[in-house]
J.: 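Let me give you the structure first, and then I'll get to my questions.
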Amino acid sequence: MCLTAEAFALFLNMIMVPEITSEPGRIIVHAETRDAHWVAVGDEWCTMAPQIDRMERFAALRTE
């Protein structure tokens, strides 16, 4: 999932997560369940978090 820089800034302001780590080209949002890594790709910020969450949900279904 990718967001424009403006949309990403709005998203970060809306979620109000107390812990965010940043370095050039990468922002890590420290959420309750796990960290979400966002990386700069051209003019957008992208994360694999939704895909990782989906894979973990499917893996949990297979072990039940």
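Count residues from 1 along the sequence.
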J.: Please give me the minimum heavy-atom distance between His30 and Asp35, naming the atom from each residue.
T.: ND1-OD1, 3.0 Å

J.: Side-chain heavy atoms nearer than 4.5 Å, only ILVMFWY residues, links allowed to pass through others: does that put Ile28 and Trp45 together?
T.: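 They do not share one cluster, since no chain of ILVMFWY contacts under 4.5 Å joins Ile28 to Trp45.
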
J.: Give a yes or no on whether Ile27 and Leu10 share a hydrophobic cluster (residues Ile, Leu, Val, Met, Phe, Trp, Tyr; joining criterion: side-chain heavy atoms under 4.5 Å apart).
T.: no

J.: When you group the ILVMFWY residues by side-chain heavy-atom contacts below 4.5 Å and let the links chain together, are Val29 and Val39 in the same group?
T.: no

J.: Are Ile20 and Leu3 linked, directly or through other ILVMFWY residues, by side chains that come within less than 4.5 angstrom of each other?
T.: yes

J.: Starting from Ile15, can I reach Met1 by hopping between I/L/V/M/F/W/Y residues whose side chains sit under 4.5 Å apart?
T.: yes

J.: Where the side chain of Thr4 meets the backbone of Glu44, is there a donor-acceptor pair that is under 3.5 Å apart?
T.: no

J.: Which class fits the ring pair Trp38 and Phe11: parallel under 30°, tilted 30 to 60°, perpendicular over 60°?
T.: tilted

